[in-house]
Structures are given as C-alpha cells and as structure tokens.
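These notes are about the structure you will find just below.
Here the structure is a predicted model, which means the values were calculated and not measured. When a ligand or atom number is given, it counts from 1 through the structure's own listing order.
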Amino acid sequence: MMKLKKFIVTLSVMCFASLSLAGCGKKQDTNKLVVGTNAEFPPFEFVSVSGGVVDKYAGIDIEIIKKVAEDNGMKVEINNMEFDSLTVALSNGQISCAIAGMTITEDRKKSVDFSEPYYVAKQVMIVRGDNNDIKKATDMKGKKIAVVQGYTGQIEVENLGYKDTMSAFKKGTEAIQELVNEKCDVVVIDSATANQYIKDNPSLKIVEDDDAFASEEYGIAVKKGDTKTLEMVNASIKKMKEDGTIDAISAKYAEGAADSEATNDAQ
Ligand code: GLN
C-alpha cells in the first residue's frame, strides 16, 4: 500500500514537473519570430527540395518574413499548418505572425490585425487548354468548379452564386489534379499561384476576368491588439517596398525561382 502511495506521489510530481516545463516552453522567445504559414501556395510558400531532401520552406513570403526578422535581429521559426488554422494559432499565441499570401478581408479583420499590404493579386480561372466555354466568370454557371477551402477563391465563387456546383479541396494541387483528370471544369485561385501551376501543367491555361474579380491585397497577420509585432512588421515592409526588396524577391520567383525546387503533387 505504501509503495502504491509513493508511486502515486512520484507520478503526480512528475506530471506537475512536465506540465510546468510545457508551460515554460510556451513562453515566447523574444529573440525569435514564430511564424505560421501554409506551405502549399507557390510561389509564396512551398516545401523545397534541396539535394533531393524535402526539408525547407521557400518562396516570396518566406524571404520577406526572414528579412523582417533580420531587420530586428531575430531568428525565424516557421510552422507549417493548415491555412484555416492560422488565425486560430495567432489568437492562442502559438505563432506571433502569419504570412501565407493571405488576402486582407473585412471578415478576417474581425479576428486578426493585418500589416500594410505587401502584394497585389487577383483571382483567375484555370481551365484545360481545349476548353473554350469559359471566357468570363459568369460562364462558370452550371460548370463543375474547384476551389481551395477557406481561400478567397471560394468566397468569390460563393458570391457569384455558384456554390451548388463548387467543390472545396484542402490543397491547390488537389484542385488542379481534379481539373487535369477532367473531374471538374475550372479552378479559381490566386493569379501568381495559377501561373505557377500552369508552368507545372502545360495542358492547362488561365482565363482572366478583371470585371468579375477585384484586386486583392496580401498582408501579414498578427494577433488582434499585438501592436508591437505589427509595428515591427510594418516598419520592415515599408523599408522593403521603398528599397525595392519586395519587387526583387517577386521578380526572382516570377522568373522561375520556384520551378525546379517546388514539390508539386499535381505533376
Ligand atoms: N489569397 C488567398 C486567401 O487569402 C489564398 C491564400 C493562400 O492560399 N495561402 O484566401
């Protein structure tokens, strides 16, 4: 009996110790910028292959956030998570900022604060090369549409009133695969990412409709009320916009920096 008691006491002490340790681990290291992203969105963020080893994150956003950290003498820790989880991870303090080609929307502003915009994008449609039915957004009526869950592409398609024939996938590559396999007629997704998918899948083409799809601005998200991180991020973005760093990084990827490196399930 004594032995059992001792065992229980020891166990409780161990549990308590490990709980406090876990608690300590959660404390934000002020010298580290803990970043959340969803590395499924080339050329902004993707998992790159280096010497055949899939081990690092690359892309326009990754380079931008590394510069933000560098400007402030901080290290970067990248956490790869589902796009939909980023706002939750900010709210519960798991990450201190999120960079993921995230469009600044009024709805998202209810749960997070956004930096100054750093990139302008828009939605486009991707169809198979032999498709001549879809020339403008309203031609998608009655067609099988694929979007990525939680992306602004989904919101746009729903706003157009085509939710009934729309399917939402977890990843852009899954939506593209659906199109390649002729299981859907069109994918709606952000322009730069569409360009990347077209390069990887030359049988597809992009259809634009600037009257239907307004331009969108990407921002870095922080926890609501975290003015310290926001000011730090904004100061770096301002500097990088002025000195041409953001343009240079974007141009590098537009010229194909993501082509050979990105892993792409849809190839
Ligand atoms: N810009 C789109 C959005 O904010 C897609 C972002 C992403 O896939 N990472 O919803």
Side-chain angles (χ1 to χ4, degrees), residues 35-48 57-65 78-90 95 97-126 137 145-160 163 166-179 186-198 200 206 208-210 212-222 237 246 249-250 253-254 258 262-266:
V35 180
T37 194
N38 171 238
E40 297 284 349
F41 197 60
F44 295 93
E45 40 270 325
F46 53 92
V47 178
S48 77
Y57 303 114
I60 298 171
D61 285 350
I62 305 297
E63 292 200 21
I64 289 177
I65 206 66
I78 309 275
N79 292 274
N80 191 16
M81 51 183 78
E82 304 244 318
F83 185 76
D84 280 348
S85 307
L86 290 167
T87 47
V88 183
L90 282 172
I95 53 173
C97 67
I99 186 159
M102 195 184 281
T103 303
I104 303 170
T105 67
E106 289 309 314
D107 202 41
R108 288 175 182 159
K109 273 192 204 166
K110 288 179 199 155
S111 41
V112 295
D113 287 341
F114 279 104
S115 69
E116 289 299 314
Y118 65 88
Y119 193 91
V120 179
K122 63 180 176 189
Q123 298 301 307
V124 297
M125 297 169 282
I126 309 179
I145 310 165
V147 294
V148 188
Q149 200 177 308
Y151 283 19
T152 38
Q154 173 174 9
I155 299 163
E156 293 279 2
V157 171
E158 288 180 0
N159 287 344
L160 282 163
K163 194 178 173 180
M166 180 197 83
S167 307
F169 292 85
K170 279 234 173 247
K171 297 178 179 182
T173 45
E174 287 169 7
I176 292 295
Q177 199 59 66
E178 197 80 351
L179 184 61
V186 54
V187 172
V188 178
I189 199 157
D190 299 47
S191 44
T193 304
N195 285 330
Q196 191 63 46
Y197 286 143
I198 294 300
D200 296 334
I206 291 177
E208 299 185 29
D209 184 346
D210 292 350
F213 302 120
S215 69
E216 301 180 11
E217 290 177 325
Y218 293 169
I220 298 174
V222 303
I237 289 182
I246 294 189
I249 295 172
S250 307
Y253 284 90
T263 54
N264 186 348
D265 316 333

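- Under a 3.5 Å cut-off, the side chain of Ser191 and the backbone N or O of Gln123 do not form any donor-acceptor pair.
- Taking CE of Met102 as the reference point, atom OG1 of Thr37 lies at 8.5 Å (rounded to 0.5 Å).
- For a heavy-atom separation below 4.0 Å, the residues in contact with ligand 1 are Phe41, Phe83, Ala100, Gly101, Met102, Thr103, Arg108, Gly150, Tyr151, Thr152, Asp190, Tyr218.
- Between Glu40 and Lys170, no side-chain nitrogen of the basic residue sits less than 4.0 Å from a carboxylate oxygen of the acidic one, so the salt-bridge criterion is not met.
- Here the options are Val186, Leu179, Val187, the test is side chain to side chain contact (heavy atoms under 4.5 Å, CB included), and the partner is Ile145; only Val186 passes.
- Residues Phe44 and Tyr119 place their aromatic rings such that the two centres sit under 6.0 Å apart.
- Checking side-chain atoms of Asp209 against main-chain N and O of Ala212 turns up a donor-acceptor pair under 3.5 Å.
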